[in-house]
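Shown next, in structure tokens, is the structure this report addresses.
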2 protein chains.
Amino acid sequence: MATIHDVAERAGVSVTTVSRVLNNRGYISEKTRRKVYDTMAELNYQPNEIARSLLRKQSNLIGLIVPNVSHPFFGELTDAIEYYAYQQGCKLLLCNSQLDPLKERDYIEMMKRHRVDGIIMGSHTLEVEEYRNLNYPIVTIDRRIDSLPYVASDNYRGGELAAELLIGKGCRKIAHICGNLQLDMLSNLRTAAFEEKLRSAGIEFVTLQTEMNVFDQQEYEQLIAKLFDNHPDIDGVFATSDIIASFVMKRCRMLGKAIPQDIRIIGYDDVNAASWVTPAITTIKQPIEDMGRLAVELIRRQMEGEPFERENVLPVKLVERSTT
Amino acid sequence: MATIHDVAERAGVSVTTVSRVLNNRGYISEKTRRKVYDTMAELNYQPNEIARSLLRKQSNLIGLIVPNVSHPFFGELTDAIEYYAYQQGCKLLLCNSQLDPLKERDYIEMMKRHRVDGIIMGSHTLEVEEYRNLNYPIVTIDRRIDSLPYVASDNYRGGELAAELLIGKGCRKIAHICGNLQLDMLSNLRTAAFEEKLRSAGIEFVTLQTEMNVFDQQEYEQLIAKLFDNHPDIDGVFATSDIIASFVMKRCRMLGKAIPQDIRIIGYDDVNAASWVTPAITTIKQPIEDMGRLAVELIRRQMEGEPFERENVLPVKLVERSTT
DNA sequence: TGACATATGTCAAACGTTTGACATATAATC
DNA sequence: GATTATATGTCAAACGTTTGACATATGTCA
């Protein structure tokens, strides 16, 4: 690839002049400017960002670690993050941890080695201690770790909304399927709120936890099958993701339960897929795009030393469709 | 951040020695090695990959441009690509073109400026001319452009399989929904094969094209609604993605058509979502993971100057589920 | 005429690392 | 005692760019 020296030589000017054109500094005549641009086009010159980064001590890269981009929630979140990163001239370095702590640790180190401007963590499988000592511009999604800035939506309110809806519809025995409560995620608040509401309304419920916190079709299916074996009289389900909700629907169909007549189902996230399935899923909408935008913004602020909010909890919304 | 100089000074050795430890070259005593490692840990030293890249003229970055990671097919493909890139020590630079030619062009230039080791193009909205002059290690997904290496699955065979299945099930009037045939994509072969089979079997069919080639829920719904308005007697549908298939199912449910009794539906891709919906979608499986693996491998071979195959067409498979 | 703005050049340092050439010292081996 | 392997050091160049300091023109305006 051509370097700035090649351009200078070919254009018959000095390297400094080319740099001046490139960075719009100092005096440059229109004639020279044109000549330099022409030469760059001719040589197919692209300034080496690696050299620039080295000098500027800024890579214009944002690192993103998620369990898995092929999970709809993280796919849509990644989409948003990439969009806003691009808007401010940053590129996205994407890593799928697959919820493997070894991989996650390795990825964090990789990112530091590459001097990314900041890391957005959508996966958290390490010990709190490790994150604490990271000492790097960072934003956490859906998890509170000491004083690290985080972005989340109002999980507690989400749980309440789900409970209120199912209670309002007259459900008498409700199942709640959530992620692994051992993991210190903010999404656990959904469960807390939900259970509290049901308890105070005096409605019977059972809570099931999944093993891992990300998609495993087999596990979901077994869990749900067992749920209905043990509690055939369930008439309401609050699932912690739209994907899980769709598996519940699958099982109901199999068991001949009509939705929403015999059983009402509410999901979480409002990923696109929630409206692809039939009947379309009633769900609690997380403002995925806003979460992405905010995460990028928080990285930017940390980089530039601007003040920023540590706790960023965005509102959720009930989206009623056809499963309730 | 600590530099190699800081480590050297603190450990009481020369920079060269630290570099030797880091890169495992030359003679190093166990004692020194340990001391250096300890010091690195103490200072939280991470070698600056930017400086390394500059010297080595290798960034260990692979660029990926897709229309949109939140589309299930591209999400799963991205997942696979990231996985294999990591396996060979590369990181993934992810870009969503949103099928906007301006963005796509801009992204390609960004990637060149960042000196990525190669570009995997899952989005192709530019003129053939532009790709031709790219002059960079590149792999194209699902599109043939001159002599650029590409990865695809056997679209023609996929179209045949779909046709054979629907014919075999006794469908008499079949709709085919495909992407925009103006775009020179290899997926157009599905349509070609499908129509040919139907024609030679003497079966009536209608072909509908979507405007864009990526997800637009509104457009799909309108298109499908119109389809059934105009052709209420359709008893088979071949959709070019599982997502489109699920919208067809939605409409059928609304119209009171039983699946698969009144109408048989076959999708394409076999994304995870195909088995989330009820009934689970019969589909043509693209070997997404293999495609990802191969794409990364082709970049590697180009980088290292190893010989490689230009045309990489992987086999597809019929996965029969409950919509046929 | 002098002052100033404009336009370009030369030169060197800096970013953090690797690498080769070469020097020197100690220890082990014959 | 000579040779060799081991261990470390010094030094400088290279990767491609930016930037500041400084020099030197030419042109323009009082």
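Numbers restart at 1 for each chain; the letters A, B, ... are given by sequence-line order, proteins then strands.
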Kindly indicate, with the supporting measurements, whether the criterion salt bridge (charged side-chain N to carboxylate O under 4.0 Å, His left out) is fulfilled by B:R34 and B:E30. CA-CA 6 Å; B:R34 183 142 311 148; B:E30 201 40 54; 3.4 Å; yes
Closest nucleotide of DNA chain C for B:I50 versus for A:R33: which of these residues is on the 5' side?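 Nearest-nucleotide comparison on DNA chain C picks A:R33.
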Within less than 4.0 Å of OP1 or OP2 of [N], is there a side-chain N or O belonging to [X]?
X     : N      : value
B:T16 : D:dT8  : no
A:S29 : C:dA7  : no
B:R52 : C:dG16 : no
B:T17 : D:dA7  : no
B:Y45 : C:dT17 : yes
B:K57 : D:dA14 : no

Rounded to the Å, how far apart are [X] [atom1] and [N] [atom2]?
X      : N      : atom1 : atom2 : value
B:R56  : C:dT17 : CZ    : C1'   : 9 Å
A:D6   : D:dG16 : CG    : C1'   : 11 Å
A:M1   : D:dT17 : CE    : P     : 10 Å
B:Q46  : C:dT17 : CD    : P     : 11 Å
A:L22  : D:dG16 : CG    : P     : 15 Å
A:N48  : C:dT17 : CG    : P     : 17 Å
B:N24  : C:dT19 : CG    : P     : 12 Å
B:H114 : D:dG16 : NE2   : C1'   : 14 Å

Between A:T16 and A:S19, do the side chains contain an N or O donor and an N or O acceptor separated by less than 3.5 Å?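 Side chains of A:T16 and A:S19: no pair found under 3.5 Å.
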Determine whether a donor-acceptor pair (N or O, by modelled atom type, separation under 3.5 Å) exists between the side chain of [X] and the backbone of [Y].
X      : Y      : value
B:Q302 : B:P137 : no
A:N312 : A:Y150 : yes
A:Y84  : A:L294 : no
A:R310 : A:S147 : yes
B:N23  : B:R25  : no

Which nucleotide, [options], lies nearest any side-chain atom of [X]?
X     : options                : result
B:R20 : D:dT8, D:dT19, D:dT17  : D:dT8
B:L55 : D:dC15, C:dT8, D:dT18  : D:dC15
A:Y27 : D:dG9, C:dA7, C:dT17   : C:dA7
A:R25 : D:dG9, C:dT19, D:dT19  : D:dT19
B:H5  : D:dG16, D:dA7, C:dT17  : C:dT17
B:I4  : D:dG16, C:dT18, C:dT19 : C:dT18
B:N23 : D:dG9, C:dT18, D:dT17  : C:dT18

Between the base of D:dG16 and the side chain of B:R115, is one N or O donor paired with an acceptor at under 3.5 angstrom?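 Counting by modelled atom types and ignoring angles, no donor-acceptor contact under 3.5 Å is found here.
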Starting at the 5' end of DNA chain D, which residue's closest nucleotide do you reach first, A:A2 or B:V13?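 The residue closer to the strand's 5' end, by nearest nucleotide, is B:V13.
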With DNA chain D as reference, determine whether B:T32 or A:A51 sits nearer its 5' end, using the nearest nucleotide of each.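 Closest to the 5' end, via its nearest nucleotide, is B:T32.
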Looking only at heavy atoms, what is the nearest atom pair of A:N68 and B:D79, with distance?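 Between these two residues, the closest heavy atoms are OD1-OD2, 2.7 Å.
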With a non-hydrogen cut-off below 4.0 angstrom, is A:S14 in contact with a base, only sugar-phosphate, or nothing?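 If one applies the 4.0 Å heavy-atom cut-off, A:S14 turns out to touch a base.
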Just need the stems in DNA chain D: three or more back-to-back Watson-Crick or G-U pairs, each with both distances under 3.5 angstrom, sorted by first number.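 Output for stems: C:1-30 with D:1-30.
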Kindly check if the number of other-residue, nucleotide or ligand heavy atoms within 6.0 Å of CG (B:N133) is above 12?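 Result for CG/B:N133: enclosed.
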